[in-house]
2 protein chains.
Amino acid sequence: MELRHLRYFRAVAEAGHITRAAERLGIQQPPLSLQIKALENELGVQLLRRLPRGVELTEAGAAFYEDTCAILTDADRAVSRVRRVARGEAGQIAVGYSSTVISHPAVKSAIRACRGQAPEVAVSLVEDGSYELAGAIAAHRLDAAFIRTEPEEFPELRFIELLQEPLLLAVPAEEGFASAGPVSLARAAALPLVLYRRSAGPKLYDRIIAAFAACGTPPRIIQEAPGANAALNLVAAGMGSTLVPQSLCAAHPEAVRYHPLAADPPLTAPVLFALRRSETSPAVRRFVSTVREVAGK
Amino acid sequence: MELRHLRYFRAVAEAGHITRAAERLGIQQPPLSLQIKALENELGVQLLRRLPRGVELTEAGAAFYEDTCAILTDADRAVSRVRRVARGEAGQIAVGYSSTVISHPAVKSAIRACRGQAPEVAVSLVEDGSYELAGAIAAHRLDAAFIRTEPEEFPELRFIELLQEPLLLAVPAEEGFASAGPVSLARAAALPLVLYRRSAGPKLYDRIIAAFAACGTPPRIIQEAPGANAALNLVAAGMGSTLVPQSLCAAHPEAVRYHPLAADPPLTAPVLFALRRSETSPAVRRFVSTVREVAGK
DNA sequence: TCCATGCCATATCTAGAACATATCAAGATC
DNA sequence: GATCTTGATATGTTCTAGATATGGCATGGA
């Protein structure tokens, strides 16, 4: 049995005439009669009652007509679906993010843009640390990720810098400076600092330490936190101050005050986009190009 | 696109090798390669990545593989279903019954036997009067019916007498005879009678009247009821006595006493099975033969 | 009663497609 | 670098879908 038999049978069932169905199908009547008979033979079932005028479905034929229509529409749907998947308009992608990037408006709008452009792509989001995310991408558990720090150990991955955002000084509200204006590194160094631990992002960590050192005011680090969000929580609790990427400034609006940092060169934290160099999935490639487009990179 | 392409693609996807899939399919490798390529061309989508060892599915190929399997199993199911329908093992039938036959054990067991033999046949049951049921069968709204009276006006229908059951005398409990034994027609004639109206079943009605007349004791009919069940309700209310088919003797066990009728020849009511002479549906034909088998007719 | 009409079935032919055989090419493995 | 594995290509053969021509049968009108 082939789809041709089903297409022919459907046409005959709907026309009620073999001759008329043949016209609609663009073939002649005898081959259509033969094909229908071949189908009946293979099934071992009479599908049509031949009447003096036209044909009508038997009980079995009526049941088979239902299934025939379902199969043919499923086949059509499968064809259009595979084409959409090949164009990256359907499918599924798994995207990771580290906790300090998801609040950045550019990241949010990138993900929103993807959903808008390819609503049939199911995007699943996973939060984890930069290193873990990179490993998951290399192991094909994820397809891409927004991270802060570029791990060195993954030559098969590519990292695209989407943006640099300034670091802010986050101070407990009750100890805040009078003005909301910029604060110099020297003044910041006078505050007791909570900082995330170096292993969570050594490059930025070293840049911060070096910046303080450059203006002759080594910072006073009184507490280490596992990450920037944890450090912010400690600030909110009044334990000290810290430096966080600007996009976190919506956190703890009551308990924490955020001040721009006056530093030269400015202290900034990057948002990186990680993906496999040899990516084949059309949905992922489409996602990647949308993200780069939105970020202008 | 034909089912052949889908069968071939499924085999290749599952084997991961074109050559090995060709073996399983019982064809040679070159035509299989060509068929797969033809499928890819028609879809305009690359389904396979050709590797040094075998092939693997692309994203689009994986999506298409899912749909392919669904379509192929649907096609197989459609084939087996149409065969079951043709054998009368699946489908749907609409059966009618008049109110006084459904309680007969032979009717119940006939319907139960059909459900047991062809559980995939959906049986819908409709209650109505004998004339209405016959009309519905002739109009193809029903397929068959269990009735009491054979209407004359339907030459296209066949009526099979499944059984004859004796009539019982139903008497209000407080007026019952002392013994549970048979009651002669003459004694019954002394009671005030409730009888269903003649139009509901003229043949049996006339037989009853004639039987009374034959022993010289015309009955005293004090009330007419639309049918036997309604008459029984009146008996239960103490309005009088009536004659009902034996299978109704489970009704009103507290309020009504049932006595066999001593009459020669015995007064009996038939159960008829009505169906179209030109029935084509295999499910209905199967139902009919099961009913006749169970009834021994 | 006869003929015209409409529609499906049968017989036969042809062109195209599916499949087989033989061979090649590319990458992997030793 | 030789060999093996595996898919691609080239070419011939078989089978079958479809075309053409014709027959059969029932219906409807003259």
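Throughout, a chain's letter reflects where its sequence line sits, starting with A, and its residues are numbered from 1.
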- Message: D:dA8, OP1 or OP2 - any side-chain N/O from B:Arg50 closer than 4.0 Å?
- Response: yes

- Between B:Glu279 and B:Arg276, is there a side-chain N and carboxylate O pair less than 4.0 Å apart? yes

- Item | Whole-Å distance separating the CD atom of B:Glu23 from the P atom of D:dT5 | 12 Å

- Taking the six-membered ring for Trp and the full ring for Phe, Tyr or His, determine whether the centres of A:Phe273 and A:Phe159 are under 6.0 Å apart. no

- Message: Salt bridge check, A:Arg292 against A:Glu161: does any charged N sit closer than 4.0 Å to a carboxylate O?
- Response: no

- Note on the structure: Residues A:Glu127 and A:Ser99: closest non-hydrogen pair is OE2-CB, 3.2 Å

- Query: Taking atom C1' of C:dA18 as reference, at what distance in whole Å does atom CD of A:Glu2 sit?
  - Reply: 11 Å

- Task: For residues B:Leu133 and B:Phe146, report the shortest heavy-atom separation together with the two atoms involved.
- Result: CD1-O, 4.3 Å

- Query: Rounded to whole angstrom units, what separation is found between the CZ atom of A:Arg4 and the C1' atom of C:dA17?
  - Reply: 11 Å

- Message: Is there a side-chain contact between A:Arg53 and the phosphate of D:dT27, meaning an N or O under 4.0 Å from OP1 or OP2?
- Response: no

- Task: Report yes if at least one side-chain N or O of A:Thr19 is closer than 4.0 Å to OP1 or OP2 of C:dC8; otherwise report no.
- Result: yes

- Query: Nearest-Å distance, CG (B:Leu48) to C1' (D:dT6)?
  - Reply: 14 Å

- Message: Could you tell me how far apart B:Gln28 (CD) and D:dC15 (C1') are, to the nearest whole angstrom?
- Response: 17 Å

- Message: So A:Arg20, base contact, sugar-phosphate only, or nothing? Heavy-atom distance under 4.0 Å.
- Response: sugar-phosphate

- Message: Return whichever of A:Pro52 or A:Ile27 has its heavy-atom-nearest nucleotide of DNA chain D closer to the 5' end.
- Response: A:Ile27

- Item | Minimum side-chain heavy-atom gap B:Asp143-B:Ile137 below 4.5 Å | no

- Task: Return the value, rounded to whole Å, for the distance between atom CG of A:Leu51 and atom P of D:dC25.
- Result: 17 Å

- Query: Contacts to DNA chain D from residues 30-44 of chain B, heavy-atom cutoff under 4.0 Å, which residues?
  - Reply: B:Pro30, B:Ser33, B:Lys37

- Separation of A:Ile18 atom CD1 from C:dA9 atom C1', in whole Å? 9 Å

- Query: Going by an N to O cut-off under 4.0 Å, is there a salt bridge joining A:Arg77 and B:Asp67?
  - Reply: no

- Query: Please give, in whole Å, the distance from C:dC7 C1' to A:Glu56 CD?
  - Reply: 15 Å

